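Here's the structure we're looking at; comments come further down.
Every chain is numbered from 1, with letters handed out A, B, ... down the list of sequences. It should be emphasised that the depicted structure is a prediction, and the values quoted were computed from it without experimental measurement.
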Protein chains: 2
Amino acid sequence: MNKLEKQSDLILKNNGLSVTSSRKKILEVFLSAETALEHQDIEKIVTQYDRVTIYRTLQTFLDKGIIHPIPTTDNSIKYAVCSETCVKTGHHHDNHVHFFCDKCGKTECLDDVAIPSVILPSGYDMHEINMVVNGTCKTCRA
Amino acid sequence: MNKLEKQSDLILKNNGLSVTSSRKKILEVFLSAETALEHQDIEKIVTQYDRVTIYRTLQTFLDKGIIHPIPTTDNSIKYAVCSETCVKTGHHHDNHVHFFCDKCGKTECLDDVAIPSVILPSGYDMHEINMVVNGTCKTCRA
DNA sequence: AAGCATTTTGCAACAAAGTTGCATTCATCG
DNA sequence: CGATGAATGCAACTTTGTTGCAAAATGCTT
Ligand SMILES: [Mn+2]
Ligand SMILES: [Mn+2]
Ligand SMILES: [Zn+2]
Ligand SMILES: [Zn+2]
């Protein structure tokens, strides 16, 4: 078992999930991905597993807080692995900005860019903030 | 023609769109709505028009900048009318925070809450920022 | 290591959401 | 009013997501 496989294995166990080949493989895909992925992306990469299994696996990972969803304006739902701390605690609180490239559609976590706070009118009870910046990514600017 | 109809009519003309009954009616729905709406909502309210017409009308309104999409974590795409300035100029730059209620799913434009600025790492070219706050709305808190 | 209980998977069938081409209808403008 | 181009409705289709159930795999116990 290489390093990536070990990491994947450990995350599953830490979250009380049984280690099946589909879960392991899909998690490895996320761990080694540089951008956020949507269901369709996974389906293309991991062709050996059933569509339904992928839906269920993504849902399981969401429930456990292993991955987080990124709402984008292109009407797709992208997912990315949570930072190490998130994964360890199982308690998910993403506090960074996400970047969506209008040219190539790739979506990234900007782990170092914190979401600034806002003050809401009274009456609103805030639980979570999502900030997505649209623009052109490094690669597409060149 | 009442006030609402006149407004709807005017917006369509200002954007160089022919005034058809479906466009007028759908725009009136948006103008009098208190929350953002998704395709399905429109379909339920405006039963006299074809599903396809609604899809095409929403796309047309988006192209013209009459409505703007709000990315939410519940995997739906909600739309809301742009502020009067947006509509007039045709050039869409929404700068306010959106609120998504996790209890009732209703989504609102918080027109008075400006999106704070962020600084991105070099290489990223920013075009637009979206900020969506999840939480509990006034009504659901009661 | 083998057996057992439980969970996960794949398949099939289905439901919902979104797209496309084309004939008909409608809005706009002279 | 009549001509012209645009918008609509319908049908057919593709894609996306959901559900029930039998078969397979996992983790645990012995
Ligand atoms: Mn992230
Ligand atoms: Mn808005
Ligand atoms: Zn790009
Ligand atoms: Zn609410």
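At a cut-off of 3.5 Å, with distance as the only test, no side-chain donor of B:S8 or B:R23 sits close to an acceptor on the other residue. B:T136 and B:D102 are not linked by any side-chain donor-acceptor pair at a separation below 3.5 angstrom, with hydrogens and angles left out of the test. For the residue pair A:N134 and A:T73, a side-chain donor N or O sits within less than 3.5 Å of a side-chain acceptor on the partner. Of the N and O atoms on the side chains of B:Y49 and B:T57, not one donor lies less than 3.5 Å from an acceptor on the other residue.
Aromatic pair A:H39/A:Y55: ring centres closer than 6.0 Å.
Proximity of B:T20 to the phosphate of D:dT8: a side-chain N or O atom is located under 4.0 Å from OP1 or OP2. A close approach under 4.0 Å does not occur between any side-chain nitrogen or oxygen of A:T57 and OP1 or OP2 of C:dT8.
Taking for each of A:Y55 and A:V19 the nucleotide of DNA chain D with the nearest heavy atom, the 5'-most of the two is the partner of A:Y55. Mapped onto DNA chain D by nearest heavy atom, A:E38 and B:T60 fall at different nucleotides, with B:T60 at the one closer to the 5' end. Nearest-nucleotide assignment on DNA chain C puts the 5′-proximal partner with A:T53, out of A:T53 and B:K13.
Among the atoms of the strands shown, only primed sugar atoms or phosphate atoms (P, OP1, OP2) are found under 4.0 Å from some heavy atom of B:S22.
Judged by distance alone with a 3.5 Å cut-off, a donor-acceptor contact links the side chain of A:R56 to the base of C:dG10. Remark: the A:R51 side chain and the D:dG17 base include a donor-acceptor N/O pair separated by less than 3.5 Å.
Straight-line distance from the CD atom of B:Q40 to the C1' atom of C:dG18: 13 Å, rounded to whole Å. In this structure, B:N75 atom CG and C:dA16 atom P are separated by 15 Å, rounded to whole Å. Straight-line distance from the NE2 atom of A:H39 to the C1' atom of C:dA17: 15 Å, rounded to whole Å. Protein atom CG of A:N15 is 17 Å distant from nucleotide atom C1' of D:dG27, rounded to whole Å. Rounding to whole angstrom units, CD of residue B:Q48 and P of C:dC26 are separated by 14 Å. Here D:dA7 presents its P atom at 15 Å from OH of B:Y49, a figure rounded to the nearest Å. Atoms CZ (B:R23) and P (C:dC26) sit 15 Å apart, rounded to a whole Å. Rounded to an integer number of Å, the gap from B:Q59 CD to D:dT8 C1' is 17 Å.
For A:D50, whose side chain is taken as the heavy atoms from C-beta onward, the closest listed nucleotide among C:dT9, D:dT8, C:dG10 is C:dG10. Comparing C:dT20, C:dA12, D:dT8 by their nearest atom to the side chain of B:V52 picks out C:dT20. Here the side chain of A:S18 is nearest to one of C:dT19, D:dT8, C:dT8, namely C:dT8.
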